[in-house]
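In what follows, chains are A, B, ... by sequence order, proteins preceding strands, each numbered from 1.
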Protein chains: 2
Amino acid sequence: MGEEIRDPLTLEDVARAAGVSRATASRALTGSDTTSTPARQRVRAVAERMGYAPNPLARALAGGSGTRVVVAVAGPRPDVLEDPYMWRVLGATAAVCDGAGVGVSLQWLPLDAPASLGRLAADRSVRGVVLCNTTEPLLAAVPDVLRGRVASIGIGSAAVPSFDVDNASGAAAVVRHLHSSGRRHIAMLTGPSWLPCSWRSVEAYRSTVEAAGLPARILPGDFGFEDGRSGALEALHRWPDTDAIYAICDTVAFGAIVALRGLGVDVPDDVAVAGFDDVPAAAWAGPALTTATHPVSRIAAGAATAVLNEARVPSATWYPSELVLRESA
Amino acid sequence: MGEEIRDPLTLEDVARAAGVSRATASRALTGSDTTSTPARQRVRAVAERMGYAPNPLARALAGGSGTRVVVAVAGPRPDVLEDPYMWRVLGATAAVCDGAGVGVSLQWLPLDAPASLGRLAADRSVRGVVLCNTTEPLLAAVPDVLRGRVASIGIGSAAVPSFDVDNASGAAAVVRHLHSSGRRHIAMLTGPSWLPCSWRSVEAYRSTVEAAGLPARILPGDFGFEDGRSGALEALHRWPDTDAIYAICDTVAFGAIVALRGLGVDVPDDVAVAGFDDVPAAAWAGPALTTATHPVSRIAAGAATAVLNEARVPSATWYPSELVLRESA
DNA sequence: GTGAAAGCGCTAACAT
DNA sequence: ATGTTAGCGCTTTCAC
């Protein structure tokens with residue numbers, strides 16, 4: 001195995017080398033309190049030169065701040081964690097937190113047990129919380145002590161800033177494209193009804209089709225491939241004249257395409273299919289999927305940054321979604 | 001916002017309620033040292049009843065153990081972190097660590113700077129390290145102080161236990177299937193040459209085709225869709241009689257299929273294509289992809305568990321890969 | 001503005 | 001087997 005590791009420097013070492021007390025060194029480094037300019041500069045220079053890195057643990061214990069940011073995913077069952085989307089959120093959160101020596105955790109938040117947020121709040125090892133799939137009851141149950149160090153990917157509240165894709169305009173753009181390319185019977189395959197952040201897409205769909213004088217045809221489901229499959233079948237059964245399907249996400253769109261193919265229905269000639277997310281596979285599929293972008297990593301990074309820095313942020317931050325025209329619609 | 005949070009209990013509270021000293025309470029709870037059976041049971045019962053949860057920070061600071069497990073991904077450039085596979089590893093690691101109040105981090109390990117492992121080892125906030133895409137030089141640079149709390153997803157060493165899919169037998173099974181279904185000119189699209197864990201697949205491919213008296217045709221590449229595309233083109237150009245392509249992973253296989261389709265080559269009638277990983281999209285693609293399973297989450301969970309518990313584990317743990325027959329081969 | 005001292009909550013020597 | 005005493009490395013009163 002490799003070279004010897006020298007014992008990590010402590011604040012004491014830096015303070016001594018700079019000829020000040022540990023307290024002053026701490027103040028100089030954190031900027032938490034006033035220090036004379038020369039002292040501050042000297043301490044900082046010494047710390048830099050020695051390659052001092054504060055121990056995040058000691059900092060957190062003394063400051064009462066915690067060393068991990070928890071990505072808490074609401075849902076009816078723990079399997080909401082078995083989701084590539086959540087892993088991606090976790091990865092982006094980890095990237096942001098790593099610089100501060102802060103780790104991340106992934107936890108299931110039972111929809112019917114908002115009290116579990118209390119556990120998170122009481123856990124001194126928790127630095128902050130990024131909520132996913134947030135619902136109103138959950139938002140209402142966010143403890144006061146979490147204020148400033150909680151953010152939501154999804155809906156927010158006065159106390160919980162939200163970060164999300166602007167799915168309203170993304171959905172509207174997709175539906176308008178469907179309409180402008182001649183489709184007149186557009187069905188939407190949507191997500192689970194308990195999930196508020198999918199409501200915005202539905203509302204955008206509804207108002208867009210209605211503005212165009214078209215009927216609104218909405219089928220609830222979930223975010224899986226099978227949901228797309230059964231949803232498409234159901235749509236064609238209920239409304240045989242359907243000539244376009246807008247799916248809440250790309251995975252559902254893939255399911256719809258496979259179901260249509262199985263029926264001998266051509267995509268896009270007979271029925272156009274569009275999704276949402278622009279996952280990598282959307283570009284590879286045959287036919288390549290028309291969809292709208294979903295900057296998941298940027299959204300998660302935004303939420304994580306707000307939580308980590310306890311920054312005052314706008315109560316809602318919307319990330320733009322862009323239409324991606326391909327072959328399926 | 002929600003209810004009031006009462007101050008978290010400390011070990012002191014539990015000790016007092018159980019009528020013992022803090023030290024004894026600590027020993028009873030951790031099992032680190034001998035305690036009389038009645039005292040131990042009393043302390044545990046009291047802790048349970050009061051709902052006491054130890055503060056992982058204080059534990060780590062006092063015990064010198066760290067509060068995060070770092071998933072360190074080796075590679076030539078930092079973009080190795082922009083990979084769904086790594087996010088998945090991170091998710092599985094997080095699931096294992098969460099129970100202990102331990103977070104996870106994701107970091108890039110530059111191939112040419114094995115010294116950065118020293119930084120990880122010196123960082124007191126690091127509980128342990130899960131290495132990914134490990135290479136020999138990196139393995140050689142693992143500091144002694146990490147012994148027992150480091151594991152590798154990929155190749156290992158005497159000091160670093162490895163956890164990986166049994167890609168040798170997985171690859172052999174795929175190639176044997178190709179052969180037994182009549183293919184006689186099987187090319188392999190492999191991964192980057194610096195990555196040891198892809199060598200095993202290549203070796204399995206080579207020995208399997210050679211045992212069957214077939215030529216070995218190997219094209220190096222990377223794990224991306226574009227690599228599959230260009231690789232398939234190159235294979236057909238170099239060896240026009242190619243009747244099967246075995247790709248190092250499903251993403252590469254998808255690229256190969258798209259390239260072949262573009263050439264008017266039918267899959268699987270003209271050229272069979274098989275992958276490795278069995279990602280969800282493999283089942284959805286048209287044609288559905290023949291591949292072999294890769295239990296990433298289980299592998300990562302195994303590595304993370306070993307690191308977290310500093311358990312003595314076998315120097316190598318192989319997770320079986322199973323052939324999944326679909327349409328593409 | 002700066003230092004001394006008191007913790008943060010726990011584990012680990014060291015006594016007994 | 002158990003209690004006492006030091007720390008772990010830092011932040012933060014509290015004096016000066």
Side-chain angles (χ1 to χ4, degrees), chain A residues 6-44 47 50-68 100-102 122-127 145 310, chain B residues 6-44 46-47 50-67 100-102 122-127 145 310:
Chain A
R6 61 180 192 293
D7 264 353
L9 297 163
T10 73
L11 185 57
E12 186 73 53
D13 299 322
V14 174
R16 198 167 332 125
V20 298
S21 73
R22 211 177 2 156
T24 301
S26 171
R27 290 187 274 246
L29 258 19
T30 61
S32 62
D33 201 352
T34 53
T35 39
S36 69
T37 310
R40 181 172 49 248
Q41 291 182 341
R42 193 150 31 91
V43 169
R44 291 195 171 167
M50 301 176 80
Y52 167 73
N55 181 335
L57 260 65
R59 237 182 204 187
L61 184 58
S65 63
T67 53
R68 55 184 182 138
V102 168
D123 186 334
R124 301 299 259 256
S125 76
V126 172
R127 168 80 170 254
V145 291
E310 303 200 31
Chain B
R6 63 181 190 293
D7 264 353
L9 297 162
T10 71
L11 185 58
E12 186 73 53
D13 299 323
V14 175
R16 198 167 332 127
V20 297
S21 74
R22 211 176 5 154
T24 301
S26 171
R27 292 186 274 247
L29 257 18
T30 61
S32 63
D33 201 351
T34 52
T35 40
S36 71
T37 310
R40 181 171 49 247
Q41 291 182 342
R42 191 150 31 89
V43 170
R44 292 197 169 165
V46 169
M50 299 175 83
Y52 167 74
N55 181 335
L57 259 64
R59 244 187 197 182
L61 184 61
S65 63
T67 52
V102 169
D123 186 334
R124 302 298 260 257
S125 76
V126 172
R127 169 77 169 255
V145 291
E310 302 200 32

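Comparing the local axis fitted to the first five base pairs of the helix from C/dG1-D/dC16 to C/dT16-D/dA1 with the one fitted to its last five gives a bend of 40°, rounded to 10°.
Nucleotides of DNA chain C lying under 4.0 Å from heavy atoms of chain B occupy a range whose first and last members, 5' to 3', are C/dG9 to C/dA13. Nucleotides of DNA chain D that come within less than 4.0 Å of any heavy atom of chain B span, from the 5' end to the 3' end, D/dA1 to D/dG9.
Applying the side-chain contact (heavy atoms from CB on, under 4.5 Å) criterion to A/Ala100, with sequence neighbours excluded, gives A/Val102, A/Leu308. Among residues two or more places apart in sequence or in another chain, the side-chain hydrogen bond (donor to acceptor under 3.5 Å, both in side chains) test is passed with A/Asn55 by none. Applying the side-chain hydrogen bond (donor to acceptor under 3.5 Å, both in side chains) criterion to A/Thr30, with sequence neighbours excluded, gives A/Ser32.
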Pair up each side-chain donor or acceptor in residues 57-67 of chain B with any protein partner under 3.5 Å, not counting sequence neighbours, and list the distances.
residue	atom	partner	partner atom	Å
B/Thr67	OG1	A/Thr67	OG1	3.3

Please report, to 0.1 Å, the donor-acceptor pairs under 3.5 Å made by any side chain of residues 20-28 of chain A, with sequence neighbours excluded.
residue	atom	partner	partner atom	Å
A/Ser21	OG	A/Ala23	N	3.4
A/Ser21	OG	A/Thr24	N	3.3
A/Ser21	OG	A/Thr24	OG1	3.3
A/Arg22	NE	A/Glu12	OE1	3.3

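Nearest-nucleotide positions on DNA chain D for A/Leu11 and B/Ser36 put B/Ser36 closer to the 5' end. Between A/Tyr52 and B/Thr37, it is B/Thr37 whose nearest contact on DNA chain D lies nearer the 5' terminus. The residue among A/Arg42 and B/Glu12 whose nearest nucleotide of DNA chain C is located toward the 5' end is A/Arg42.
Only A/Leu61, A/Ala62, listed by number, bring a heavy atom of residues 55-68 of chain A to less than 4.0 angstrom from any atom of DNA chain C. Of all the residues in residues 14-27 of chain B, B/Arg22, B/Ala23, B/Ser26, B/Arg27 reach under 4.0 Å from DNA chain C with at least one non-hydrogen atom.
Across every non-hydrogen atom of B/Asp13 and B/Leu9, the tightest pair is OD2-CA, 3.4 Å. For the pair A/Leu29 and A/Tyr52, the tightest heavy-atom approach, listed with the atom from each and the gap, is CD2-CE2, 3.9 Å.
Here B/Thr10 contributes atom OG1 and A/Arg124 contributes atom CZ; the two are 10.0 Å apart, rounded to the nearest 0.5 Å.
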